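This report refers to the structure that appears directly beneath it.
Order of the sequence lines fixes the chain letters, A, B, ..., with proteins taken first and strands second; residue numbering starts at 1 for each chain. In this text, all values refer to a predicted model and were calculated from it rather than measured experimentally. As a basis for the values below, the full set of heavy atoms in this structure was taken, side chains included, without hydrogen atoms, waters or symmetry mates.
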Number of protein chains: 2
Amino acid sequence: MAKKPAPVPLLQLDNQLCFAVYSTGHAFNRVYKPLLDRLKLTYPQYLAMLVLWEQDNVPVKDIGERLFLDSGTLTPLLKRLEAAGLIKRTRSVEDERQMLIALTAQGQALRERAKAVPQGILAASACTVGEMAAMKNDLVALRDRLNAALGD
Amino acid sequence: MAKKPAPVPLLQLDNQLCFAVYSTGHAFNRVYKPLLDRLKLTYPQYLAMLVLWEQDNVPVKDIGERLFLDSGTLTPLLKRLEAAGLIKRTRSVEDERQMLIALTAQGQALRERAKAVPQGILAASACTVGEMAAMKNDLVALRDRLNAALGD
DNA sequence: CCGATTATAATTGCGCACAATTAGATTGCG
DNA sequence: CGCAATCTAATTGTGCGCAATTATAATCGG
């Protein structure tokens, strides 16, 4: 008779923190989608806009460090935002290697409409602001430890 | 003089739980990469194998429900696992709509080598098992609330 | 000042992720 | 039975995400 493999708790899907993170990320995406469709943004594009609404006219590198993304991801994404008229891409005069990203008037104006988005997310999460902050802090601490482990 | 926009706390990147989830997911991926490269698996492929190691010979739909993925993602992923010799795809005889996914001997054997993976992740996370379980439970609860909000 | 090194983006190629559509099988209702 | 509604996968098209490579600019050491 065929031997059934012994269960290995650490290998079980539902025991894995990484899968909880992975699947929660997808769930967030699905909740964001209808809210962001109204702004004609994808979620990663929305993140780039969040960065620019905090600090305008920054090199691609800075956006990448903030979002943990590289130019392979950001270059086409930013080109799409430029095609949509939300940002302007110009080479820095002081350092011609840098591509500076600046909001257009349209890009700045979108910020007003974006203010409604976090409310919708908060509602769908059905969390208190305190609970969300606690989870966020735990996750950021974990993320930083994971990123630190990469350096070794 | 140009008016600086008033900061909107809920719009700030570092206040957002979703970004913590998103960026932690990427950090996990980067930690998994070298471990999974040895098994010649990507992370989503590893998840599919975890499902199959728990229950063999299941339809694509069941894998999709378990991983929250649809056939648009799974069909090409499973074809690659088949090309790698880890699984076999066959149409169900009882219901010809279903494509049944079964492990090959090679796919079953890979489970032994995969046992080392969670250890590496645990080390990189620098968490106790208890902390990981607590975060996992919080995230799963959040995920379920987000998914429930989609139904409305 | 020149050549090597380093830094910044862009490009290419591959693998997800998902919406929308299509194809074929099954079920259910009159 | 007959046909509509439903179900399961596959397909197509778009947009990430990242490794690897390339191109160009800046910097550094002799």
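Non-hydrogen atoms lying under 4.0 Å from DNA chain D are contributed by B/T75, B/K79, all within residues 74-85 of chain B. Contacts between residues 12-26 of chain A and DNA chain D, defined by a heavy-atom separation below 4.0 Å, involve no residue at all.
Each salt bridge (Lys or Arg N to Asp or Glu O under 4.0 Å) pair with one or both residues in residues 114-127 of chain B, not counting sequence neighbours, appears once here: B/E112-B/K115. Annotation: side chain to side chain donor-acceptor pair (under 3.5 Å) contacts involving residues 98-110 of chain A, sequence neighbours excluded, are absent. Every pair passing salt bridge (Lys or Arg N to Asp or Glu O under 4.0 Å) that includes a residue from residues 55-65 of chain B is listed here, sequence neighbours excluded: B/K61-B/E65. Pairs engaging residues 126-139 of chain B under the salt bridge (Lys or Arg N to Asp or Glu O under 4.0 Å) rule: none recorded [sequence neighbours left out].
Proximity of A/Q45 to the phosphate of D/dC16: a side-chain N or O atom is located under 4.0 Å from OP1 or OP2.
The A/M99 side chain lies nearest to C/dA9 when the options are C/dA17, C/dA9, D/dC16.
Summarising the geometry, the separation between NZ on B/K40 and P on C/dC14 is reported as 16 Å, rounded to the nearest angstrom. When the C1' atom of C/dA19 is taken as reference, atom CG of B/L150 falls 14 Å away, rounded to whole Å. The CZ atom of A/F68 sits 18 Å away from the C1' atom of D/dC16 (whole-angstrom rounding). C/dT26 atom C1' lies 13 Å from atom CZ of B/R91, rounded to whole Å. Regarding A/N29, its CG atom lies at a distance of 14 Å from the C1' atom of D/dT14, rounded to whole Å. At whole-Å resolution of the value, NZ in A/K61 and C1' in C/dT6 are 12 Å apart. A/I63 places its CD1 atom 13 Å from the P atom of D/dC16, with the value rounded to the nearest Å. Atom CG of A/L69 is separated from atom P of C/dA10 by 14 Å (rounded to the nearest Å).
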Nucleotides 19-28 of chain D: which of its N/O atoms have a protein N/O under 3.5 Å away?
from, atom 1, to, atom 2, distance (Å)
D/dA26, OP1, A/E96, N, 2.9

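A/I121 has its side chain out of reach of B/L10: every pair of non-hydrogen atoms, C-beta onward, lies at least 4.5 Å apart. Side-chain contact between B/N15 and A/M132 is absent, with no heavy-atom pair separated by less than 4.5 Å.
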Pairs of donor and acceptor atoms involving the side chains of residues 22-33 of chain A, under 3.5 Å and at least two apart or interchain, shall be tabulated with distances.
from, atom 1, to, atom 2, distance (Å)
A/S23, OG, A/F19, O, 2.7
A/S23, OG, A/A20, O, 3.4
A/S23, OG, B/R143, NH1, 2.8
A/T24, OG1, A/A20, O, 2.5
A/T24, OG1, B/L139, O, 3.4
A/Y32, OH, B/Q16, OE1, 3.3
A/K33, NZ, A/D37, OD1, 3.1
A/K33, NZ, A/D37, OD2, 3.1

Contacts table for residues 43-50 of chain A: side-chain donor-acceptor under 3.5 angstrom, sequence neighbours left out:
from, atom 1, to, atom 2, distance (Å)
A/Q45, OE1, A/T42, N, 3.1

Pair up each side-chain donor or acceptor in residues 80-89 of chain B with any protein partner under 3.5 Å, not counting sequence neighbours, and list the distances.
from, atom 1, to, atom 2, distance (Å)
B/E82, OE2, B/R89, N, 3.1

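With sequence neighbours excluded, the residues forming a side-chain contact (heavy atoms from CB on, under 4.5 Å) with A/R97 are A/D95, listed by chain and number. A/A133 is linked by a side-chain contact (heavy atoms from CB on, under 4.5 Å) to nothing, counting only residues two or more places apart in sequence or in another chain.
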